[in-house]
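Structure record follows, encoded as structure tokens.
Note that the numbering runs from 1 along the sequence shown for the chain.
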Amino acid sequence: MTLRLEPFRPAFEAALLNLVLSPEQLAFTAHPRDLLTQVQADPDRLAVALLDGERPVGLFALSVGAHCDKYLPQPDPGAVALSALSVDAREQGRGLGTAAMRALPSFVPRHFPQARRVVLAVNQRNPAARRTYDRAGFALLGERQGPAGPQWVMTLSLHSSTS
């Protein structure tokens, strides 16, 4: 596996639209077709593709402004929110999600120079996602109520990351 993160490009669209998500996953995340529709028209959001070699195998969004502030007790201009991580069901179990999250400290500052941390919310009924974020170094920040029930709010420090 040679996983890397890249901002969404139209060349990735066909593969991402054909990404398979299980019904369990769809309870917690957006399918790439829905996420791309939301993100492409929003200057505060960046769609990020997970590439295994040259093959798109997943997608998530990074956001600033109101999209980020909803996870925090007060606005933080140094925070970037991660949402809607999806990895093709046919590719799961290979560590792609964890590898993608571990790549954030080098990826995020290139696209959000003000970023000092990444924040996210993960549904408490989704322990597999929580394990992915734990393995990648995210720390529990608190809890909040989300659209599908209680969520853990987690944060990943980007301090002194210059790669």
Shared-cluster residues of V153, by chain and number - hydrophobic side chains joined below 4.5 Å
Y71, L72, V119, L141

Could you walk me through whether L62 and V108 pass side chain to side chain contact (heavy atoms under 4.5 Å, CB included), step by step?
CA-CA 8 Å; L62 293 173; V108 171; 4.0 Å; yes

H31 side chain vs L19 backbone, donor-acceptor pair below 3.5 Å
yes

Please lay out, stage by stage, how M154 and D134 fare under the test side chain to side chain contact (heavy atoms under 4.5 Å, CB included).
CA-CA 9 Å; M154 303 184 79; D134 283 339; 3.2 Å; yes

So which atom in P105 and which in L158 form the shortest heavy-atom distance, rounded to 0.1 Å?
CA-CD2, 3.5 Å

Just checking, is any N or O donor in the side chain of S63 or R45 under 3.5 Å from an acceptor N or O on the other one?
yes

Which pair of heavy atoms, one from L21 and one from S86, lies closest together, and at what distance?
CD2-CB, 3.7 Å

Closest heavy-atom contact between A115 and V80?
CB-CG2, 3.6 Å

Residue list, side-chain contact (heavy atoms from CB on, under 4.5 Å) with T37, at least two apart or on another chain
none

Contacts under 3.5 angstrom, residues 5-17 side chains, donor-acceptor by atom type, not counting sequence neighbours:
unit_1 : atom_1 : unit_2 : atom_2 : d
E6     : OE1    : R9     : NH1    : 2.3
E6     : OE2    : R4     : NE     : 2.8
E6     : OE2    : R4     : NH2    : 2.7

Audit row: M101, R135, side chain to side chain contact (heavy atoms under 4.5 Å, CB included) steps and yes/no:
CA-CA 9 Å; M101 297 302 96; R135 284 191 296 259; over 6 Å; no

Heavy atoms of P109 and L104 approach each other most closely as CD-O, 3.8 Å

What pairs with P127 under side-chain contact (heavy atoms from CB on, under 4.5 Å), at least two apart in sequence or on another chain?
R131

Is R117 salt-bridged to D76, going by a charged N under 4.0 Å from an acidic O?
yes

Can you tell me how far CG of D52 sits from CZ of R94, rounded to the nearest 0.5 angstrom?
4.5 Å

Would L50 and E91 count as a side chain to side chain contact (heavy atoms under 4.5 Å, CB included) here? Give the steps.
CA-CA 11 Å; L50 285 67; E91 303 290 339; over 6 Å; no

Where at least one partner belongs to residues 111-157, residue pairs that pass ring pair (Phe, Tyr, Trp, His ring centres under 6.0 Å), sequence neighbours excluded
F107-H111, Y133-F138

With distance as the sole test, does T98 use its side chain to make a donor-acceptor pair with the main-chain N or O of G95 at under 3.5 Å?
no

Same cluster or not: L140 versus L85, using hydrophobic residues (I, L, V, M, F, W, Y) connected whenever any side-chain heavy atoms lie under 4.5 Å apart?
yes

Can a donor-acceptor pair be found, under 3.5 Å and without considering hydrogens, that links the side chain of R110 to the backbone of S106?
yes

Rounded distance [0.5 Å steps], OG1 in T155 versus CG in L120:
8.0 Å

Could you check whether any side-chain N or O of Q92 sits under 3.5 Å from a backbone N or O of V87, counting only pairs where one atom can act as donor and the other as acceptor?
yes

If you define the side chain from C-beta out and look only at heavy atoms, does anything of V122 sit under 4.5 Å from T132?
no

Where is the tightest heavy-atom contact between S22 and A89, given as atom of each residue plus distance?
N-CB, 4.3 Å

Just so I know, are the side chains of Q124 and R130 near enough to count as touching, which here means a heavy-atom distance under 4.5 Å?
no

Provide the closest heavy-atom pair for Q151 versus A121 in the form atom of the first, atom of the second, distance.
OE1-CB, 3.4 Å

side-chain contact (heavy atoms from CB on, under 4.5 Å) partners for R125, two or more places apart:
F28, N123, A148

CZ/R55 to CG/D88 distance, rounded to the nearest 0.5 angstrom?
8.0 Å

Any side-chain heavy atom of Q145 within less than 4.5 Å of one from P150?
yes

So, taking the atom named CG in L46 and the one named CD in Q40, what distance separates them when rounded to the nearest 0.5 Å?
11.0 Å

